[in-house]
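This report concerns only the one structure given below.
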Amino acid sequence: MVLWSGVDVRDWQNPSSNQISNKIINNVKPGDIILLHDYGTENTIKALDTIIPSLQQKGYKFVTVSELLDKKNR
C-alpha cells in the first residue's frame, strides 16, 4: 500500500486550479508523493499544466513509486 506524503491539496473539494498548483509548488519537498484526483473536477487537470513545468524548472523529477522507493532504500 502506498499513501501520499507531504502535500494534500484536497482537490476533491474543487478548489481553483491556481489554489491547487500554488499549494503544491510552494509546499512540496524532495521525495514527496502528491495526492491528486482525476475525477470530480477539471481544476486538477488544469493545475498540472502549471505544476509539472514549475517543478521541473526547480529541478524536480517525476518518477514511479517503485523508483522512488528504490532510491530511498539505497
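Below, each value reflects all heavy atoms present in this structure, side chains not excepted, and no hydrogens, waters or symmetry copies. Sequence positions, counted from 1, serve as the residue numbers for this chain.
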request  = With side-chain contact (heavy atoms from CB on, under 4.5 Å) as the test, would you mind laying out the steps for Asp8 and Lys23 before giving the verdict?
outcome  = CA-CA 9 Å; Asp8 178 6; Lys23 186 163 187 182; over 6 Å; no
request  = Please assess Asn43 against Ser16 for the test side-chain hydrogen bond (donor to acceptor under 3.5 Å, both in side chains), listing each intermediate value before the final yes or no.
outcome  = CA-CA 6 Å; Asn43 292 338; Ser16 72; over 6 Å; no
message = With clusters defined by side-chain heavy atoms of hydrophobic residues (ILVMFWY) lying less than 4.5 Å apart, directly or transitively, does Phe62 cluster with Val28?
response =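 Linked within one cluster.
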key: Same cluster (ILVMFWY, side-chain, under 4.5 Å), Ile24 and Leu35   =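 Each belongs to a different hydrophobic cluster.
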ask   = Of Ile51, Asn26, Ile52, which is the lone residue that meets side chain to side chain contact (heavy atoms under 4.5 Å, CB included) with Ser21?
value =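 The option that passes is Ile51.
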Could you grab the distance from atom [atom1] of [X] to atom [atom2] of [Y], nearest 0.5 Å is fine?
X: Asn18; Y: Thr50; atom1: CG; atom2: OG1; answer: 7.0 Å
X: Thr44; Y: Leu36; atom1: OG1; atom2: CG; answer: 6.0 Å
X: Gln19; Y: Asp11; atom1: CD; atom2: CG; answer: 11.5 Å

inquiry  = Can you confirm whether Leu55 sits close enough to Lys61 that some side-chain heavy atom of one is under 4.5 Å from a side-chain heavy atom of the other?
reply    =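 They are not in side-chain contact.
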query = So do Val9 and Asn27 actually touch side chain to side chain, heavy atoms under 4.5 Å?
reply =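 With C-beta onward as the side chain, the pair stays apart.
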message = Other residues, nucleotides and ligands only: do more than 12 of their heavy atoms fall within 6.0 Å of CD on Glu42?
response =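 Count not over threshold, so no.
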inquiry  = Run the side-chain hydrogen bond (donor to acceptor under 3.5 Å, both in side chains) test on Gln57 and Ser54 for me, step by step, so that the C-alpha distance in whole Å, both residues' side-chain angles and the decisive distance to 0.1 Å come before the verdict.
reply    = CA-CA 5 Å; Gln57 187 175 21; Ser54 294; 5.4 Å; no
Between [X] and [Y], which heavy-atom pair has the shortest distance, and what is it?
X: Ile34; Y: Trp4; result: C-CB, 4.4 Å
X: Pro15; Y: Arg10; result: CD-O, 3.6 Å
X: Asp32; Y: Ser5; result: CA-OG, 3.5 Å

